[in-house]
Amino acid sequence: MIERAQQILAEVFGYESFRPPQDAVVEALLAGQDSLVIMPTGGGKSLCYQLPSLVREGTGVVISPLIALMQDQVNALSQLGIRAGCLNSSLPLEQLQATEAKLVAGELDMVYIAPERLLQPRSLALFQRARLSLFAIDEAHCVSQWGHDFRPEYMQLNRLRELFPGVPRIALTATADARTRQEIIDRLELTDAARFIRGFDRPNIRYRIGQKDRGREQLLRFLRDEHAQDVGIVYCLSRKRVEDTAAWLSERGFNALPYHAGLSPELRQHHLHRFLTEESIIMVATIAFGMGIDKPNVRFVAHLDLPKSVEAYYQETGRAGRDGEPADAWMVYGLQDVIFLRQMLEGSQADEVHKQVERQKLEAMLGLCEITSCRRQALLAYFGEPDHQPCGNCDTCLEPVPVWDGTEASRKALSAVFRCGQMYGVNYIIDVLLGESSDKSRQRGHEQLSTWGIGKELDRNQWRSVFRQLVARGYLKVEASHGALQLSESCRALLRGEETLELRRDLRTKSAGPKLSGGKSKASQQQLDAEDHALWNELKALRKRLADEQDVPPYVIFH
Ligand code: ADP
Ligand code: MG
């Protein structure tokens, strides 16, 4: 049967050869075995079930959470002459009935359906009347409660085992940390499944992470210098930031569209369609955009805000360069990102166990940002591939990061936090270190503090960098309600002088945007603070809203 598969690969799909491990997966499915497939985004997972659906008798059922993309996938298959259909609530009744009739009559090679629809008793009865070749459970990480795409209905897909004995199941995902992998196997009851895991390296992607210093200006320069006519995605944390940034880029001559779960389904569909079909276009989006997007020539993925985990970062950046040509994963982040994410996490209603996992994930993400050695090495090590050499193609390899002895500065910073009673946010603490009097500090009598003005050797931005790194490394915590900085246990040794601390020196490189200078800096800073404040308020409002929106992380939605 594998010869038949080879033939279909060439004649129907027009590919010369399989990409490993596609051939092995196809073989396993043709033999009727369950499988778990972990391959990076763009690796070619779809073929693993599309091809066996054609070779085996009966209809291949593809279970996918991505209703918005189903029609596109069906269209693409139809163009290849494959008889495919989809069943979802966005379709007119006549079309649904026609597809159902074809399914039962054995006239479909493949059918796409969302899990909640498949699990309805009526659908299950319908599918039991049809002849099925396989179940493909795409984006299988949605079964993981710890992941950022958790879908409760995925948990029930284990029932397929009993309801459809003899129909092999294949689960596929690009998210593969050990915990998620095990969760998929357990929850879907894939105990005897063959496992196929392909390496995670995406050598054509260049990873770059810089200090945020007026992020939008930095983005503009990056785009103008390196991607003036290219296709790309810009990720932002909030819907408002998405809208503002898309409008801002459009004003500057870029073909930029917003995408987030707050837009009407029609508009989302329209923007998605434009993104998939136009040649020079930028999608500015929340995390609601991307899962399953297959546009091969995305030349850059830019993050204006910090993702919540390394998994999210890897998935999002993985949408760049699917064609194998060079592509950029570009990100800027700052202390404020860390504060927001920590506050969202701590302020959510999630249980403590869940929060602890989220904290660890955020810490790993921060670790990747602050690392001074090869980013790719660190990224791959995180996904269980510890043996890679430095890549020579990420920012830290290309431009080694200068470090400085930040022991003394860190001690001053921690002391100032302590002297102010651990009740104030970063901007105020920096006022104290610089000895910059504001009416607030006069009222509070902090000008009498022993830490008043002890930090004049660094400027405001340098202090921000110090605080960012202290938070990132866990010496300081961010209190949830007001963003006050507080000491954590681990800073004791440092305060006692028993530990030294090397910090990254954040350089303002060309791509880091214009310097904030002299008199202006305070005003720009105030503007930044105001933006941050607005963002924070928006996030709080967002959290209150219970919705089916994917751009809110699970600890926001489900509790
Ligand atoms: P994934 O679901 O793993 O993210 P896709 O299945 O969408 O990836 O495939 C990504 C791209 O790779 C698609 O453009 C697809 O046409 C292409 N592709 C898949 N398999 C092969 C192959 N064997 N040879 C050439 N191109 C392939
Ligand atoms: Mg896919």
Side-chain angles (χ1 to χ4, degrees), residues 2 5-27 29 35-55 60-82 84 86 110 112-115 135-143 149 151 154 170-176 184 196-205 231 233 272 275-277 289-299 301 311-312 314-325 327 383:
I2 192 76
Q6 289 277 5
Q7 196 187 353
I8 293 180
L9 180 74
E11 288 174 5
V12 177
F13 292 93
Y15 299 144
E16 284 171 18
S17 55
F18 286 109
R19 284 183 189 160
Q22 284 172 335
D23 41 356
V25 180
V26 170
E27 225 164 332
L29 272 178
S35 325
L36 172 68
V37 175
I38 297 178
M39 280 166 83
T41 308
K45 289 186 283 298
S46 322
L47 197 76
C48 295
Y49 53 81
Q50 288 167 344
L51 226 164
S53 297
L54 299 185
V55 179
V61 183
V62 185
I63 302 161
S64 160
L66 306 164
I67 292 177
L69 294 177
M70 282 181 187
Q71 195 58 52
D72 280 321
Q73 280 162 337
V74 167
N75 292 347
L77 291 170
S78 304
Q79 294 216 327
L80 300 176
I82 297 169
C86 60
M110 297 183 70
Y112 285 73
I113 187 166
F135 284 106
I137 303 170
D138 205 5
E139 315 289 354
H141 62 279
C142 291
V143 80
D149 295 318
R151 298 294 187 100
Y154 261 71
I170 170 173
L172 311 100
T173 179
T175 302
I184 294 173
F196 303 94
I197 298 171
R198 211 201 80 184
F200 270 70
D201 194 12
R202 299 285 310 278
N204 59 318
I205 297 182
V231 175
I233 306 172
L272 177 63
F275 180 77
L276 292 174
T277 50
F289 178 74
M291 194 171 32
I293 298 286
D294 177 20
K295 184 160 172 99
N297 61 337
V298 175
R299 290 274 69 80
V301 169
E311 288 90 340
Y314 181 79
Q315 282 230 340
E316 285 154 19
T317 55
R319 290 170 192 137
R322 284 171 158 230
D323 53 9
E325 298 296 317
F383 289 113

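In each ligand, atom 1 is the first atom listed, and ligand 1 is the first ligand listed. The first residue of the sequence shown is numbered 1, and numbering continues consecutively from there.
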Visitor: Can you name the nearest heavy-atom pair linking P115 to Y154, along with the distance?
Guide: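 What the structure gives for the nearest pair is CG-CE1, 3.5 Å.
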Visitor: Are G43 and ligand 1 in contact, using a heavy-atom cut-off of under 4.0 Å?
Guide: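 G43 counts as a contact of ligand 1 under the 4.0 Å cut-off.
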Visitor: Between CG of L54 and CD1 of I82, what distance do you get to the nearest 0.5 Å?
Guide: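 It is 4.5 Å, given to the nearest 0.5 Å.
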Visitor: Examine ligand 1 and decide if any of its atoms is less than 4.0 Å from a heavy atom belonging to R19.
Guide: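 The answer is yes: ligand 1 sits under 4.0 Å from a heavy atom of R19.
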Visitor: Heavy atoms only: which of K45, M39, Q73 is nearest to atom 3 (O) of ligand 1?
Guide: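 When every heavy atom of K45, M39, Q73 is considered, K45 comes closest to atom 3 (O) of ligand 1.
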Visitor: Using the side chain to side chain contact (heavy atoms under 4.5 Å, CB included) definition, which of the options I137, T173, I184, D149 pairs with V143?
Guide: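 Only one option passes, and that is I184.
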Visitor: Could you check whether any side-chain heavy atom of M39 comes within less than 4.5 Å of a side-chain heavy atom of C48, counting everything from C-beta outward?
Guide: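 Yes, side chains in contact.
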Visitor: Tell me which one of G14, A174, S17 gets a heavy atom nearest to atom 23 (N) of ligand 1.
Guide: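 Answer by nearest heavy atom: S17.
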Visitor: Any idea which part of R322 is under 4.0 Å from ligand 1, heavy-atom wise: side chain, backbone, both or neither?
Guide: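 For R322, only side-chain atoms sit under 4.0 Å from ligand 1.
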Visitor: In sequence, state the C-alpha distance, the side-chain angles, and the governing distance for R299 and E325, and then conclude on side chain to side chain contact (heavy atoms under 4.5 Å, CB included).
Guide: CA-CA 8 Å; R299 290 274 69 80; E325 298 296 317; 3.4 Å; yes
Visitor: Can you measure from CE (M110) to SG (C86) and round to the nearest 0.5 angstrom?
Guide: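 Those atoms lie 11.5 Å apart.
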Visitor: Which option, F13, Y15, F18, owns the non-hydrogen atom nearest atom 21 (C) of ligand 1?
Guide: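 Ranked by closest heavy atom to atom 21 (C) of ligand 1, first place is Y15.
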Visitor: Regarding atom 9 (O) of ligand 1: of the candidates S46, G44, P20, which has the closest heavy atom?
Guide: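 The option holding the nearest heavy atom is G44.
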Visitor: Is it true that P40 lies under 4.0 Å from ligand 1, counting heavy atoms only?
Guide: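 Contact check P40 vs ligand 1: positive.
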